[in-house]
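The next block holds one structure in the form of structure tokens; read it before the comments.
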Amino acid sequence: MSVGSVLVLDANGAQAQHISKMLEREKWSAILAFDQKMALSMMRATRFHLLMVDAYVGKASMLALIPEIRERAPATPLTIMTDNVYGRHAVDITMDQARAAGAEFILQKPFSAERLKGLLKDTTRFHRERRSTKHLLVVEDNENLRNMIGKVLGEMGYQISLAETMEQAFARVDLDMVDLVVCDIFMPGMGGIEGIMKIRQGWPHIHVLAMSAGKDEKMDANKVLAASRHVGAVEHLAKPFHMSDLIRLVARTLGRADMEEARAG
């Protein structure tokens with residue numbers, strides 16, 4: 001599954017293909033445009049996570065086009081790419097003009113894979129910081145309970161995504177945009193323990209609230225939940241539970257996440 005989509009506008013076909021391959025290695029999908037008319041048309045038809053636009057397409061400066069780009073894609077961060085072929089002084093002038101015109105990011109070509117990774121992380125942070133609604137993912141194989149949790153938390157004002165299994169969650173949900181995962185431990189397939197480990201390794205900004213009723217007399221809920229804490233869950237809820245307890249723990253976990261992000265920032 002793609003992390004996000006990027007529109008790349010570069011009249012140099014070879015450079016555009018090279019940038020596309022770099023993005024694909026980071027699991028981002030690239031849509032290529034080779035002139036401004038084509039790019040603007042794509043912006044009207046498709047929502048992108050990031051725009052990467054060369055400062056000059058042919059003889060035309062794309063900086064003058066920024067107001068129209070903003071009109072077509074108001075919620076998408078814009079990266080202006082500059083080329084040092086005209087010298088350092090020309091690059092500095094272009095960078096200053098791009099910042100003054102309102103571009104979020106500046107990227108000098110040629111750029112390394114590490115510099116691109118930094119840009120993609122900044123892009124993800126850009127989108128998270130502009131969402132006023134927290135995004136919760138509920139992973140639970142019991143359909144009735146999954147829908148009930150989703151309904152209750154949705155009524156609290158959270159954005160909700162639902163998944164029956166961890167495999168479904170990884171395939172269908174953009175985890176970069178998720179703030180909290182509420183998941184069962186015992187599910188078909190991958191299961192909660194392995195899923196939590198994968199989430200914490202790949203998306204460390206996500207906090208996890210684990211639920212379990214235990215498995216049998218030999219493995220009660222408290223032992224199972226202790227195991228989930230070991231792999232990265234920060235809150236735990238034994239089944240059966242009252243929805244008021246779930247609401248309280250969700251609020252507490254999100255509050256902790258906000259405090260950690262504030263300290264890191």
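In this text the structure is predicted, and so the values were computed from the model without any measurement. In what follows, residues are counted from 1 in the order of the sequence shown.
Between I199 and F170, some side-chain heavy-atom pair lies under the 4.5 Å cut-off. Under the 4.5 Å side-chain criterion, counting only non-hydrogen atoms from C-beta, Y158 is not in contact with L180. Counting heavy atoms from C-beta on, the side chains of I149 and M243 come closer than 4.5 Å. Side chains of Q36 and V57 form no contact here, defined as non-hydrogen atoms less than 4.5 Å apart. With a 4.5 Å cut-off on side-chain heavy atoms, M190 and T165 do not count as touching. No side-chain heavy atom of S212 sits under 4.5 Å from any side-chain heavy atom of H236. For the pair D176/W203, a side-chain contact is recorded, criterion being any heavy-atom separation below 4.5 Å from C-beta on. At least one side-chain heavy atom of L136 sits under 4.5 Å from a side-chain heavy atom of L254.
Minimum interatomic distance between A16 and L32 (heavy atoms only, all atoms of both residues): O-CD2, 3.7 Å. Residue L162 comes nearest to G150 through the heavy atom pair CD2-CA, 4.0 Å, listed as atom of the first residue, atom of the second, then distance. Nearest heavy-atom pair across P204 and R200 is O-NH1, 2.8 Å. For R146 against A163, the heavy-atom pair with the smallest separation is CD-O, 3.3 Å. Counting all heavy atoms, side chain and backbone alike, M166 lies closest to I196 at CE-N, 4.2 Å. Here the shortest heavy-atom pairing between D54 and M81 reads OD1-O, 3.0 Å.
With a 6.0 Å radius and a threshold of 12 heavy atoms from other residues, nucleotides or ligands, M42 has its CE atom above the threshold. Heavy atoms of other residues, nucleotides or ligands lying less than 6.0 angstrom from CD of E194 number 12 at most.
Distance alone, capped at 3.5 Å, places no donor-acceptor pair between the D184 side chain and the M187 backbone. No donor-acceptor distance shorter than 3.5 angstrom exists from the side chain of R25 to the backbone of S20, with no hydrogens or angles considered. Between the side chain of H205 and the backbone N or O of M177, no donor-acceptor pair lies under 3.5 Å. The backbone N or O of V250 sits nowhere less than 3.5 Å from a side-chain atom of E235 that would complete a donor-acceptor pair. Remark: the backbone N or O of H135 is paired with a side-chain donor or acceptor of D179 at under 3.5 angstrom. Using a distance-only test at 3.5 Å, with no hydrogens or angles considered, a donor-acceptor pair links the side chain of T253 to the main chain of L249.
Between R44 and E68, no side-chain nitrogen of the basic residue sits less than 4.0 Å from a carboxylate oxygen of the acidic one, so the salt-bridge criterion is not met.
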Let me see the working for Q108 and R115 under side-chain contact (heavy atoms from CB on, under 4.5 Å), right down to the final yes or no. CA-CA 10 Å; Q108 183 178 339; R115 181 66 186 90; over 6 Å; no
Please step through salt bridge (charged side-chain N to carboxylate O under 4.0 Å, His left out) for the pair K117 and E114, ending with a clear verdict. CA-CA 5 Å; K117 286 181 183 179; E114 287 304 311; 3.4 Å; yes
Evaluate the side-chain contact (heavy atoms from CB on, under 4.5 Å) criterion for residues V182 and L237: first the C-alpha distance (whole Å), next the side-chain angles of each, then the deciding distance (0.1 Å), finally the verdict. CA-CA 10 Å; V182 179; L237 193 57; over 6 Å; no
Between D10 and H18, is a side-chain contact (heavy atoms from CB on, under 4.5 Å) present by the stated rule, with each step listed? CA-CA 11 Å; D10 195 321; H18 177 64; over 6 Å; no
side-chain contact (heavy atoms from CB on, under 4.5 Å), that's the test. Do I31 and T46 meet it? Break it down for me. CA-CA 10 Å; I31 308 298; T46 306; over 6 Å; no
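Shown are K27, H49, R125, E26; of these, the side-chain contact (heavy atoms from CB on, under 4.5 Å) with L120 is made only by E26.
Taken from CG in L51 to CD1 in I69, the straight-line distance is 6.5 Å, to the nearest 0.5 Å. For the atom pair CG of D141 and CD of Q168, the computed distance is 11.0 Å after rounding to the nearest 0.5 Å. Rounding to the nearest 0.5 Å gives a distance of 4.5 Å between CG of L50 and OG1 of T79. In this structure, CG on L23 lies 10.5 Å from OG on S5, to the nearest 0.5 angstrom. How far CG of L40 is from CG of L7: 9.0 Å, rounded to the nearest 0.5 Å. Taking CZ of F48 as the reference point, atom OG1 of T123 lies at 14.0 Å (rounded to 0.5 Å).
At a threshold of 4.5 Å between side-chain heavy atoms, the hydrophobic network of Ile, Leu, Val, Met, Phe, Trp and Tyr places V234 and L153 in two separate groups. M22 is connected to L119 through a chain of hydrophobic side-chain contacts under 4.5 Å among Ile, Leu, Val, Met, Phe, Trp and Tyr, so both are in one cluster.
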